[in-house]
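Input: a single structure, listed below in structure tokens.
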There are 2 protein chains.
Amino acid sequence: MADDMPKQDLSSEGIAAALRGRILSGGYGLGQRLIEMDLAEEFGVGRGRVREAFRMLTGEGYLEFVANRGVLVRRYSRVELIEMGRVREVLEGLAARLAAERTLTDVQRQELEAAQARMDAAEVAGDLDAFGMENRAYHRLIEELSGNVHASEFITRVRIPLIRVQMPWEEVAESVGRSNRGHRVITAAILAGAPEAAEVAMRTHVRDGNAHVARLPDEVFEAR
Amino acid sequence: MADDMPKQDLSSEGIAAALRGRILSGGYGLGQRLIEMDLAEEFGVGRGRVREAFRMLTGEGYLEFVANRGVLVRRYSRVELIEMGRVREVLEGLAARLAAERTLTDVQRQELEAAQARMDAAEVAGDLDAFGMENRAYHRLIEELSGNVHASEFITRVRIPLIRVQMPWEEVAESVGRSNRGHRVITAAILAGAPEAAEVAMRTHVRDGNAHVARLPDEVFEAR
DNA sequence: CTGCCTCTCATTGTCAACAATCTTGCGCTG
DNA sequence: CAGCGCAAGATTGTTGACAATGAGAGGCAG
């Protein structure tokens, strides 16, 4: 039953939010075509509302409009992925800087330490899945601690091409140590209130990650 | 007559582009409400298409949707303007860095020098309007020289709140010298192929501008 | 005169029907 | 058997009509 769901918002915005969530969570694959009629039926609304949701998401950069073909989840070429990687580098660097500039509450400091501890635990345990999950949570937390919702929004957008991009297993295993060493530097800099150091460390860290992404095989980018 | 116009594109995208142009050029004021029916009539299309154009522009950050009230040209609060200013700082810094990293063609180098020369001329002539215009052209040129269309796109968005923000006259007059001194440092760094210097100089330059913006009187933000 | 209530109208929200377009599968021809 | 149309089906593009909402005008009571 779908009754225990919090009674979904069926306005165009609500539908846009639902679709955005599906894209971000990987429910829809890159390049996947979305059919107006199917979604209209699924949500129990007219096609017009779905179309308006599509248009919003197109404006936000999540979807790609093709005349007379409708929309598909926006794909990114290798070049685009690299270009956006550089943008991500400075934006995440900014978030780290801002987090270090602010006077964090005790609760926030504890959250940051806890997030770091969970990554450390996953690293020690050699649990790559857990590490990946905690890694994402850590980056999101820093965005939040930056206190700049606009920076956050742009970072979310610039991260879209990375959804569903799966690194080769051995490469991940090999990079965990280096990656988490970066995290520890960032965490320390933020807790110490050292904006410059936090930004530099985060930029280096993100750049490292991007270098791995740039080496991905071609197949990743043509994913239907 | 409107016959010599290039036969306007009346798709939702075309209408969105037309409206975007009006907002950017100041044809519509901040907070101004746009009426679906009026625009539908003006363009000679159904309301649906205008609505879809509205939705796209909402996603892009140009318009603001209010349930059952329609759309208005989006206003940004002082806090938002400051937050986006910091994002702009790092993004424009990135563009300058990328421009310096690339090997520019002779034509590109000449364009950059010419843009700098035009600003210098406007500064010497004390023509504030010309300086403002050339200043915008200069920043756009650097985005272009960065060769990163995504960085460009984000910069465009993050600049939206600055549309129509008019600085007090004397303050502009007073800051032209300092501003253009910044430009010269940036120009030199890019031509010299010094990414680090170019980025630092651009960030400082943008931050200076933001400081002025932050001091704007309250009226600017409630302006409808 | 002031404040509140109601009614009216302008405007947005929604849909279902119809038109235009693209894809695809089939059959014909060379 | 390959290639070329052609027709049928699926999907998007567009509109006009009707419902729902909210703002403002006007009147009535205190």
Side-chain angles (χ1 to χ4, degrees), chain A residues 2 5-20 22-23 27-75 222-224, chain B residues 6-20 22-23 27-75 222-224:
Chain A
M5 286 254 104
K7 211 80 172 186
Q8 190 140 31
D9 170 15
L10 292 178
S11 65
S12 296
E13 277 98 348
I15 291 171
L19 297 178
R20 197 185 296 115
R22 291 185 190 180
I23 295 169
Y28 291 136
L30 291 183
Q32 181 170 340
R33 187 172 168 197
L34 303 187
I35 309 296
E36 291 177 4
M37 216 178 36
D38 293 353
L39 289 165
E41 229 166 88
E42 180 189 331
F43 287 104
V45 301
R47 273 173 52 224
R49 261 195 271 189
V50 174
R51 275 180 77 87
E52 293 194 4
F54 282 176
R55 283 345 257 245
M56 283 187 259
L57 294 174
T58 303
E60 291 173 20
Y62 290 95
L63 297 179
E64 202 177 326
F65 233 97
V66 183
N68 294 314
R69 284 298 321 277
V71 297
L72 43 158
V73 179
R74 185 165 169 186
R75 290 162 305 196
E222 52 195 41
R224 54 98 169 241
Chain B
K7 212 76 167 192
Q8 191 138 32
D9 170 15
L10 292 178
S11 67
S12 296
E13 277 98 348
I15 291 171
L19 297 179
R20 197 186 296 116
R22 291 184 190 182
I23 295 169
Y28 291 136
L30 289 183
Q32 180 171 337
R33 189 173 167 197
L34 302 188
I35 308 297
E36 291 176 6
M37 215 177 38
D38 293 354
L39 289 166
E41 228 166 88
E42 181 190 331
F43 287 105
V45 302
R47 273 173 53 222
R49 262 195 272 188
V50 174
R51 276 180 75 87
E52 293 193 4
F54 282 176
R55 281 355 256 242
M56 283 188 257
L57 294 173
T58 302
E60 292 174 20
Y62 290 96
L63 296 179
E64 199 177 328
F65 232 98
V66 183
N68 295 313
R69 281 304 315 283
V71 298
L72 43 158
V73 178
R74 182 162 170 188
R75 291 161 304 194
E222 51 194 42
R224 60 129 133 230

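Each chain gets a letter, A, B and so on, in the order the sequences are listed, and its residues count up from 1. Note that the structure is predicted; figures quoted are calculated from it, not measured.
- Pairs engaging residues 56-66 of chain B under the side-chain hydrogen bond (donor to acceptor under 3.5 Å, both in side chains) rule: B:R20-B:E60 [sequence neighbours left out].
- The existence of a salt bridge linking B:R49 and A:E52 is excluded, since no basic side-chain nitrogen approaches an acidic carboxylate oxygen closer than 4.0 Å.
- Every side chain to side chain donor-acceptor pair (under 3.5 Å) that A:E13 has, sequence neighbours left out, goes to B:R55.
- Between the side chain of A:E42 and the main chain of A:L39, no donor-acceptor pair closer than 3.5 Å is present.
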What string of B, S and - do you get for nucleotides 7-20 of chain D, 5' to 3', when a contact is any protein heavy atom under 4.0 Å? ----SBBBB-B---
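- No side-chain heavy atom of A:L34 sits under 4.5 Å from any side-chain heavy atom of A:L72.
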